[in-house]
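The structure appears below as structure tokens.
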Amino acid sequence: MTVESTAAARKPRASKRASAAKKPQSSEPQLVQLLTPEGERVQHPEYDIDLSAEELRGLYRDMVLTRRFDAEATALQRQGELGLWASLLGQEAAQIGSGRALRDDDYVFPTYREHGVAWCRGVDPTNLLGMFRGVNHGGWDPTTNNFHLYTIVIGSQTLHATGYAMGVAMDGADSAVIAYFGDGASSQGDVAESFTFSAVYNAPVVFFCQNNQWAISEPTERQTRVPLYQRAQGFGFPGVRVDGNDVLACLAVTRSALERARRGEGPTLVEAFTYRMGAHTTSDDPTKYRHDDERAAWEAKDPILRLRTYLEAEGHADAAFFTALDEESDALAKRVREAVRAMPDPDDMAMFDNVYADGHALVDEERAQFAAYQASFAEEGN
Ligand SMILES: Cc1ncc(C[n+]2csc(CCOP(=O)(O)OP(=O)(O)O)c2C)c(N)n1
Ligand SMILES: [Mg+2]
């Protein structure tokens, strides 16, 4: 490879993006928005929300603590305490807004990035870190908080959610189910199948797509020719695009979609239009494929800052509130750090447990091979 071609391979792809994918034919769709990036409260003809000052402060607190937890996890990975971390930076409003729209009896199927939704469900944040430290396969009991384990096989949880929702309907319950997935996942066959099944069975499920503009290094233009929310129409259910950096709009739109599901009117696709401010994971380097000015443009739409501006302008929060929240954030970060460092290493052989409910010949063989391999170190040491 020549020096020139190496440099070309490393160049961010922005120029290619424009040529590879023509602009969608339809005009740019409107976002449902209730709070502008400047922190101004605006009205929407179909969606509204009436929250007390206390509830607004609660949403702000959720977002700040989630961001702080996420920053701490990233730092812990850099310090070698975690093997990997998938940051939600920039997606706090999408997750807290949708997460706070849920009822306790609703059921959540997340990807691997839904730390804010986990927070809303009451999953202790320290429990999210075991898998990323490599000391367990999950870290929480999904049935305690109706929050399924993180799913890394892209898109597969939309099928789990659909099946679960069909079961909820058969039971005659009025709970709803929500499946989180990304813009990249929307290209998966599993997602298309779950759309088909949920539509024809009228399953009480909300498909919450966080369009954070990137699937690792692939831009959304390579996933779709139409705005993602418009995909729903072809399957026979409604789709809506919401400002994913507006916590109020995310709450209002998700609540409405959940209510629709409870009434037996079937699925809704919510496309939360947002941005992944950080790397895909701590193993990724986005400077290789995207320009800094893109991030800067999205920084101006920060979900937390706009709510702070609104809270201050309306006199809904005073300096004491923000100071107390800073202290709470510090305490959370300290608790997370200490909990991670104190996590015991698992028993090596435990990874073979629970693969099957009963014994299995192949697992037994692998267990024996691994035991022999481990024993070989002991012999070397003698
Ligand atoms: C079935 C499958 N294919 C590929 C991967 C590798 N992979 C992990 S994350 C990812 C991109 C997902 O992008 P998106 O759905 O937009 O979610 P985001 O990470 O942006 O939240 C890919 C391809 C995987 N985990 N599973
Ligand atoms: Mg994405």
Side-chain angles (χ1 to χ4, degrees), residues 12-13 17 21 66-67 70 73-74 77 82-99 108-119 128 131-132 134 137-138 148-162 178-195 206-229 231-232 239 241-245 250 269-290 294-295 297-298 301 303:
R13 274 206 202 118
R17 285 177 64 176
T66 300
R67 180 173 286 189
D70 186 71
T74 301
Q77 193 283 333
L82 301 179
L84 183 79
W85 183 244
S87 167
L88 67 19
L89 186 63
Q91 298 177 216
E92 295 87 353
Q95 297 197 11
I96 299 300
S98 59
V108 180
F109 288 84
T111 72
Y112 41 79
R113 208 187 287 286
E114 266 67 77
H115 321 312
V117 187
W119 171 265
L128 302 178
M131 184 179 73
F132 290 95
H137 292 157
H148 198 260
L149 293 177
Y150 276 177
T151 302
I152 296 182
V153 182
I154 299 297
S156 61
Q157 73 282 1
T158 58
L159 285 173
H160 309 156
T162 298
I178 189 165
Y180 288 85
F181 63 106
D183 43 289
S186 72
S187 302
Q188 289 287 112
D190 282 5
V191 174
E193 288 159 18
S194 67
F195 283 7
V206 175
F207 295 106
F208 194 90
C209 177
Q210 287 170 88
N211 177 358
N212 64 8
Q213 314 300 326
W214 292 92
I216 313 184
S217 55
E218 288 296 313
T220 320
E221 291 94 323
R222 289 213 172 77
Q223 310 294 345
T224 183
R225 289 284 185 167
V226 298
L228 281 175
Y229 77 97
R231 291 250 181 102
R241 179 180 275 187
V242 60
D243 181 342
N245 286 13
C250 288
L269 171 61
V270 178
E271 178 192 4
F273 203 74
T274 182
Y275 191 69
R276 194 196 76 208
M277 298 293 287
H280 170 70
T281 66
T282 47
S283 296
D284 172 46
D285 175 6
T287 65
K288 294 282 185 284
Y289 56 83
R290 67 184 193 188
E294 186 181 288
R295 185 189 151 116
W298 279 92
K301 302 181 198 173

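Each ligand, and each atom within it, is numbered from 1 in the order the structure gives.
- When non-hydrogen atoms are compared, ligand 1 lies under 4.0 Å from neither the backbone nor the side chain of Phe181.
- When only modelled atom types and interatomic distance are considered, Asn211 and Glu271 share a side-chain donor-acceptor pair under 3.5 Å.
- Atoms of ligand 1 found under 4.0 Å from any heavy atom of Asn212, numbered from 1 in the order shown, are 18 (P), 20 (O), 21 (O).
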Walk me through whether Arg276 and Asp183 qualify under salt bridge (charged side-chain N to carboxylate O under 4.0 Å, His left out).
CA-CA 11 Å; Arg276 194 196 76 208; Asp183 43 289; over 6 Å; no
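- At a cut-off of 2.8 Å, Gln213 does not coordinate the Mg ion (ligand 2) through any N, O or S atom.
- For atom 11 (C) of ligand 1, the closest non-hydrogen atom of the protein is Ile216 CG1, 3.7 Å.
- Using a 4.0 Å heavy-atom cutoff, Gln91 is absent from the residues neighbouring ligand 1.
- The single protein non-hydrogen atom nearest to atom 25 (N) of ligand 1 is Ile152 O, 2.8 Å, given as residue, atom name and distance.
- With Arg295 contributing its side chain and Met277 its backbone, the two residues share a donor-acceptor pair below 3.5 Å.
- The distance from the Mg ion (ligand 2) to the nearest N/O/S atom of Gly184 is not under 2.8 Å.
- Under 4.0 angstrom from ligand 1, the non-hydrogen atoms of His280 all belong to its side chain.
- Under 3.5 Å, the side chains of Trp298 and Asn245 contain no donor-acceptor pair of N or O atoms.
- Inspection of the Thr66 and Glu92 side chains reveals no N or O donor paired with an N or O acceptor under 3.5 Å.
- With the Mg ion (ligand 2) as vertex, Trp214 O and Asn212 OD1 subtend 80°, rounded to 10°.
- With hydrogens and angles disregarded, no donor-acceptor distance shorter than 3.5 Å links the side chain of Thr224 to the backbone of Thr220.
- Distances from atom 16 (O) of ligand 1 to the heavy atoms of Ser87, Gly184, Ala185 put Gly184 nearest.
- Here Gln188 has side-chain heavy atoms under 4.0 Å from ligand 1, and that is the only part of it that gets that close.
- Thr158 and Asp190 are not linked by any side-chain donor-acceptor pair at a separation below 3.5 angstrom, with hydrogens and angles left out of the test.
- Residue contacts with ligand 1: Tyr112 is included, with a non-hydrogen atom under 4.0 Å away.
- Close to ligand 1: Arg113, with a non-hydrogen atom less than 4.0 angstrom away.
- Checked against the Mg ion (ligand 2), the N, O or S atom of Asp183 at the shortest distance is OD1.
- Close approach of ligand 1 to Gly182 (heavy-atom distance below 4.0 Å) involves ligand atoms 14 (P), 15 (O), 16 (O), 17 (O).
- Counted by atom type alone, Ser98 and Gln95 present zero donor-acceptor pairs between their side chains at under 3.5 Å.
- For atom 4 (C) of ligand 1, the nearest non-hydrogen atom from the set Thr281, Ile154, Thr111 belongs to Ile154.
- For the 3.5 Å distance criterion, the side chains of Ser87 and Asp70 qualify, holding a donor opposite an acceptor.
- Taking only nitrogen or oxygen atoms, main chain and side chain alike, Asp183 reaches within less than 3.5 Å of ligand 1.
- With Tyr150 as the fixed residue, the side chain to side chain donor-acceptor pair (under 3.5 Å) test singles out one of His137, His115, Gln157: His115.
- A side chain to side chain donor-acceptor pair (under 3.5 Å) with Tyr275 is found for exactly one of Gln210, Lys301, Glu294, Gln91, namely Glu294.
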